[in-house]
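Take a look at the structure set out below.
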Amino acid sequence: MFSKHVQTYRGLLRELKKSSLPPHNINPALSSNFRRLAEQARRSEIILDDLRNALIFMASQREHKVLLDRYNPLVDLTAEERIHATARRVGLDMPITHERMIGAQQSTTMRAVFHPATTIITQGRRVVTMLSTQVLNCDPTSISFDSPTSEPKITSQDTLNSLSIAAKTLTDLQPVAFPTETVYGLGALALNSSAASRIFSVKGRPPDNPLIVHVSSLDMLYGLLPSSFQMPKSYDLLIERFWPGALTLLFPSDTNTIPPIITANQPTVAIRMPSHPVARALIALVNAPIAAPSANSSGKPSPTTAEHVRRDLGGKLSVILDGGACGVGLESTVVDGLQEDGNIRVLRPGGITVEDIQELLREKIQDPKLLPQVLVHRRDYQDKQLEAAPTTPGMKYRHYSPTAPVILIMTTSPPQNVVPSSVSSFLLSVKEGMQPSASVKIGLLTLTNSKLGTLVLPVVDGVEWCRYELGPVDDPSVTARRLFDGLLTLDQRGVELILIEEVNDTNEGLAIMNRVRKAASEVRWITF
Ligand code: TXA
Ligand code: MG
């Protein structure tokens, strides 16, 4: 009983220290306030809950600020000003929203704690009001569709209630987090600029990064396309085989329908039809397309469970639908098949593999002269102009980074000028590069049956190893499903460094390595 309060109190002090300016002196008044409240919390679970909420909020604010500093070109603006700057940039005139000062809707305890802390955490900037976040259960097995175009049938009353609350929240122009088969999405009505702008402020998303629009039927798709658009043959095939599913296609954007905030003023719009029953049912209930990026603070690993979303964005949105863990675990494949040469360009590898796409095209198009090539950006072609543009997924901004730094461990042959370290010397020396401290936790994400995965880890003074298994070498779909959970779980366990093992970059491995390379700040080669 007692340890819960002490832990929370220590956590709060740690957060205060991290969010204070160098040399990281904790404001003594704040720390004594927290100590007093922690003492009181021994007698009241409500105060303990409040303190825990405070802890989650402080951590999220600090991370949010760090991310904004690192990634957001509009960092000097308040949240509201950023929304307006985004709107202006895409030619919109936004209504003024009224943000309240932090604490305005919080309990007395929270106000007491936060009031003096505001300037330290936010450095005088206003922050969005903290909301109470409901996590609502949705049972995907209680939802069915007779045909791809039909309405959902929902047999569980609880699921229907949850979906109805989420649908109402969306039509009230507020965002909702919901499960898809790839990752959890942070959804808002795609055809309403005010609703869509909330996505950017909740995630701290750079305004020039466009959003994927999700539809629940082909009719909804056609309603979004310009009337003059002729569906390429390759798109017909891809849609027939992979929709609903983890494939996003670029289409010309009809500026009369799609608000420019969705496309960041690009001429194309990215659209997909998710296969997760909860996602499709939600879109069908709202009867409108839903824009949804992954439901994480910008720059963080994407969430694959409702709990990941709650930990990251809790307090910043009012509804999270919990439909269990995502089956695919990595985001959709983003494909551009609109270029004149008719080739399929994979802008972001994802849940539908390049091999799946190649196989489909070879099966359906017999004439080799008509067979489109499947080109993976950066692997098969370079495009300097494209790489400078934020529309190329994951190119301009850092992605998938947990709080702990990540080192990618390559076990294949190194490039010519690189001498690999022996695995034991690498593991024995890994603590040396870190901040001096008596003991550190180091996370390892390794395959279950690889050499590194089966290695008996050396005993190193002051190092506690935390291993998380990514599944067997020959089934990358398991690794895909576990990767983000692995990064987030190790972060949650408080590791200070994460080592992650290279996987073979075929099939789902291509998307896995795409995410891992972006998460890693360093690459090291080892031998056995
Ligand atoms: O699986 C997924 O795709 C998930 C779920 C929620 O559907 N969504 C997702 O969204 O991953 P997000 O925003 O995290 O990633 C979407 C990527 C972005 O990197 C963006 O650059 C790219 O899609 N994108 C969106 N619109 C685009 C466009 N018009 N042209 C090129 N890329 C686009
Ligand atoms: Mg994302």
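Read the numbers this way: they start at 1 and go in the same order the structure lists the ligands and their atoms.
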Consider only side-chain N and O atoms of Ser294 and Asn296, and report whether a donor and an acceptor are under 3.5 Å apart. yes

SB check Glu240 Lys364 (cutoff 4.0 Å): no

Contact flag Ser294/the Mg ion (ligand 2), N/O/S atoms, threshold under 2.8 Å: yes

Distance to the ring centre below 6.0 angstrom and angle to the axis at most 45 degrees; does that hold for Arg280 and Phe145? yes

Compute the minimum heavy-atom distance from Thr263 to ligand 1 and say whether it is under 4.0 Å. no

Polar contacts were defined as any N/O atom of the residue lying under 3.5 Å from an N/O atom of the ligand; does this apply to Ser294 and ligand 1? yes

Under a 4.0 Å heavy-atom limit, does Thr182 contact ligand 1 with its side chain, its backbone, both, or neither? side chain

Just go through Gln266, Arg348, His276, Arg272 and tell me whose heavy atom is the nearest to atom 15 (O) of ligand 1. Arg348

With respect to Asn209, determine whether any N or O atom, backbone or side chain, lies less than 3.5 Å from an N or O atom of ligand 1. yes

By number and element, which atoms of ligand 1 are closer than 4.0 Å to a non-hydrogen atom of Ala270? 25 (C), 26 (N), 27 (C)

Side-chain heavy-atom pair Lys203, Lys316 within 4.5 angstrom cut-off: no

If we number the atoms of ligand 1 from 1 as shown, the ones under 4.0 Å from a heavy atom of Gly185 are 6 (C)

Selection from Lys203, Glu331, Arg205, Glu181 by shortest heavy-atom distance to atom 13 (O) of ligand 1: Arg205

Select the closest option to atom 25 (C) of ligand 1 among Ala295, Pro210, Ala292, Ser253, judged by heavy-atom distance. Pro210

With a 4.0 Å heavy-atom cut-off (strictly under), which part of Leu250 contacts ligand 1: side chain, backbone, both or neither? side chain

Before you tell me yes or no, could you show the steps for Arg481 and Glu508 under salt bridge (Lys or Arg N to Asp or Glu O under 4.0 Å), namely the whole-Å CA-CA distance, both residues' side-chain angles and the distance that decides it to 0.1 Å? CA-CA 10 Å; Arg481 193 153 55 238; Glu508 288 88 349; over 6 Å; no

Applying side chain to side chain contact (heavy atoms under 4.5 Å, CB included), can you list everything that pairs with Arg310, at least two apart in sequence or on another chain? Ile56, Val135, Glu307, Ile320

What I want to know is whether His214 and ligand 1 share at least one N or O pair that is separated by under 3.5 angstrom. yes

Salt bridge or not for Arg272 and Glu181, using N-O below 4.0 Å? yes

Does any non-hydrogen side-chain atom of Pro179 lie less than 4.5 Å from one of Asp322? no

